[in-house]
Asker: 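Can you keep this structure in mind? I'll have questions shortly.
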Amino acid sequence: MSARSFRHRLAAVCVSAVTLLATAACGDSGGDGGPVQLRFSWWGNNDRAATTQKIIEAFQAQHPDIRVTGSTSDFNAYFDKLATEVAAGDAPDVITLGGAYPREYGGRGALLDLARVGDVLKTDKIDAAALGNGKFDNKQFGVPTGVNSFAVVVNPAVFEAAGVPLPDDSTWTWQDFVRIANEIKAKAPKDTYAVADPTKPDTLDLYSRQRGEGLYTPDGAVAITKQTLVDWWTMTTGLRDSGAAPPASLTTELEGQPAPEQTLMGRGLAAMQFDWSNQLGALRKASGKPLELLRAPGESAGRPGMWLQASQIYTINARTKHPKEAAKFVDFLINSPEAGKLVRTDRGIPANHDVLAAVTPELDPDQAAQATFIEKIGPLAGPPLVIGPTGSTDTLGILQRLNAEVLFNRQPVGKAADEFIKQVAAAIRR
């Protein structure tokens, strides 16, 4: 589905959602004497699906009057499907979101204001900063599944094979990053890359935050400058040209295969990859290697660009017929030590302090590594991220298209930078 059709469908359904909100929140029971039926959606791989099903079963054991049916898909297909469901008035009762989507859907009336179910869904054990990821226009539309950070995942085995030492992430710069990547490529095994192409909205946000910019301003405009985009694409095309990063054809192919086991890092074919810290376990499993997490380059050179972010957000459909039961399920997901011990760190380090305390002794080495990393960078992280305004969910598609134009040498970096700012600004609705 195109970005334009996504916006049109979402806008259409949200008119209906606003109209029906008052009545949709009235039905708190099954109505026929049987269990209330809830639908719950999320994205992820098979391991996450299996874990989530165990959590659903644990919840149903405590609440036999509520039945939960799960639905999952990979990241890209998930949001296309969700847009269609919302437009059709058939979205799940409990919806997992991330990034700018809570603001996008909440601002258009598709999500329930959680103040309506505050007597059921408790958030007092979660830091205000983490809750802020789901709060917009003074309304709490979602609660964090956990917190994580965007980081550099490294494969020490590739570094060792190339005879290149791991960088000191307390001091390395972007110049060091490029130098190290080129050193690895010169000595790494055949078909192994120093770094997967790092161009993503998250890396641009981090890189530009280090320059005092970010992708968006607090009042909903584009913040990143042309010079920052030019500098970024000059760096990444240089990595492509040297062979340190993949050729354009492989990078564009990998964009359609977002599962950890399909990435270069997951296949053991990259020394470095920018990714979220909660992907460490899946990437370690896929690669069979003891991967590590490092701070991004440039963090010690001036303003820190890294931030702590809710890895995902649980929200409730504004049109659900069962808001109280949906709130009970979300409360279990974020506040139950039983659920926490099952999910552990797969959806980020638990945001509830009591759940984290209960979970910590049971963390495996992969999960403990994530928790240690978050503890390490917490005091060093920059200010909270400016969440993209309505329309900013188009940024990913815009960036992918223009990045392909740049990598295939179909468009110079200066023109691509102008187009990025122009197209994102047009997509944003202020």
Asker: Just by distance, with hydrogens left out, do Q227 and T225 show a side-chain donor and acceptor under 3.5 Å apart?
Answerer: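 No, no side-chain donor-acceptor contact under 3.5 Å.
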Asker: Examine distances only and state if a side-chain atom of S41 and a backbone atom of S71 form a donor-acceptor pair shorter than 3.5 Å.
Answerer: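 Not confirmed, S41 side chain does not pair with S71 backbone.
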Asker: Roughly how far, to the nearest 0.5 Å, is the CD1 atom of I387 from the OH atom of Y216?
Answerer: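 Spacing of OH (Y216) from CD1 (I387) equals 10.0 Å.
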Asker: State whether the side chain of Q262 and the backbone N or O of L254 hold a donor-acceptor pair below 3.5 Å, judged by distance alone.
Answerer: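 Answer holds: no.
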Asker: Below 3.5 Å, can you tabulate the donor-acceptor pairs from side chains in residues 142-150 to any protein atom, sequence neighbours excluded?
Answerer:
unit_1: T145; atom_1: OG1; unit_2: S311; atom_2: OG; d: 3.0
unit_1: T145; atom_1: OG1; unit_2: Q312; atom_2: N; d: 3.3
unit_1: T145; atom_1: OG1; unit_2: Q312; atom_2: O; d: 3.4
unit_1: T145; atom_1: OG1; unit_2: R347; atom_2: O; d: 2.8
unit_1: N148; atom_1: ND2; unit_2: N278; atom_2: OD1; d: 2.8
unit_1: S149; atom_1: OG; unit_2: W307; atom_2: O; d: 3.3

Asker: What do you reckon, are the aromatic ring centroids of F274 and F177 less than 6.0 Å apart?
Answerer: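 So the answer is yes for these two rings.
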Asker: With rounding to the nearest 0.5 angstrom, report the CD to OG1 distance, E255 to T251.
Answerer: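 So the gap between those two atoms works out to 7.5 Å.
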Asker: What distance separates D74 CG from K81 NZ, expressed to the nearest 0.5 Å?
Answerer: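 The CG atom of D74 sits 11.0 Å away from the NZ atom of K81.
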Asker: Assess, by modelled atom type and distance only, whether the side chains of D176 and T173 contain a donor and an acceptor separated by less than 3.5 Å.
Answerer: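 On atom types as modelled, these side chains qualify, holding a pair under 3.5 Å.
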Asker: On a heavy-atom basis, which atom in N352 and which in I334 lie closest, and how many Å separate them?
Answerer: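 Scanning both residues completely, I find the closest heavy atoms to be CB-O, 3.4 Å.
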Asker: Are there over 12 heavy-atom neighbours, none belonging to D364, within less than 6.0 Å of that residue's CG?
Answerer: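 More than 12 within 6.0 Å, yes.
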Asker: Between S336 (side chain only) and L333 (backbone N and O only), is there a donor and an acceptor less than 3.5 Å apart?
Answerer: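 Checked: no pair found.
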Asker: Is any NZ, NE, NH1 or NH2 atom of the basic residue among K226 and D418 found under 4.0 Å from an Asp or Glu carboxylate oxygen of the other?
Answerer: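 Looking at D418 together with K226, the answer is yes, because their closest N to O distance falls below 4.0 Å.
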Asker: Report the residues that fulfil side-chain hydrogen bond (donor to acceptor under 3.5 Å, both in side chains) with S392, sequence neighbours left out, ordered by chain and then residue number.
Answerer: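 Result, side-chain hydrogen bond (donor to acceptor under 3.5 Å, both in side chains) vs S392: none returned.
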Asker: What distance separates D168 CG from L294 CG, expressed to the nearest 0.5 Å?
Answerer: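 That separation rounds to 9.5 Å.
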Asker: According to the interplanar angle, ranging from 0 to 90°, do the rings of F40 and F329 count as parallel (below 30°), tilted (30 to 60°) or perpendicular (above 60°)?
Answerer: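 Rings of F40 and F329: perpendicular, as their planes differ by over 60°.
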Asker: Sequence neighbours excluded, which residues qualify as side-chain hydrogen bond (donor to acceptor under 3.5 Å, both in side chains) partners of D346?
Answerer: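 In terms of side-chain hydrogen bond (donor to acceptor under 3.5 Å, both in side chains), with neighbours along the sequence ignored, D346 is linked to R48.
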Asker: Between Y105 and T315, is there a donor-acceptor pair closer than 3.5 Å when you use the side chain of the first and the backbone of the second?
Answerer: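 Absent.
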Asker: Can you run down the salt bridge (charged side-chain N to carboxylate O under 4.0 Å, His left out) pairs that involve residues 139-149, sequence neighbours left out, and say none if there aren't any?
Answerer: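 Passing the test, one end in residues 139-149: no pairs.
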Asker: Enter the distance from F141:CZ to E104:CD here, rounded to the nearest 0.5 Å.
Answerer: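 Here the interatomic distance stands at 12.5 Å.
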Asker: Is the side chain of S287 donor-acceptor paired with the backbone N or O of G266 at a distance under 3.5 Å, no angle test?
Answerer: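 No, S287 side chain to G266 backbone: no donor-acceptor pair under 3.5 Å.
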Asker: Sort and list the pairs that fulfil ring pair (Phe, Tyr, Trp, His ring centres under 6.0 Å) and have at least one residue in residues 220-241, not counting sequence neighbours.
Answerer: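 Listed by first then second residue: W174-W232, Y207-W232.
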Asker: Quick test of your reading: applying salt bridge (charged side-chain N to carboxylate O under 4.0 Å, His left out), list the pairs with at least one residue in residues 184-203, sequence neighbours left out, ordered by first then second residue.
Answerer: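 For residues 184-203, and leaving out neighbouring residues, there are no salt bridge (charged side-chain N to carboxylate O under 4.0 Å, His left out) pairs at all.
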Asker: Are T123 and Q140 linked by a side-chain donor-acceptor pair shorter than 3.5 Å?
Answerer: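 Judged by distance alone, the side chains do not pair up.
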Asker: In Å, rounded to the nearest 0.5 Å, how long is the span from CG of L204 to OG1 of T395?
Answerer: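 That separation rounds to 10.0 Å.
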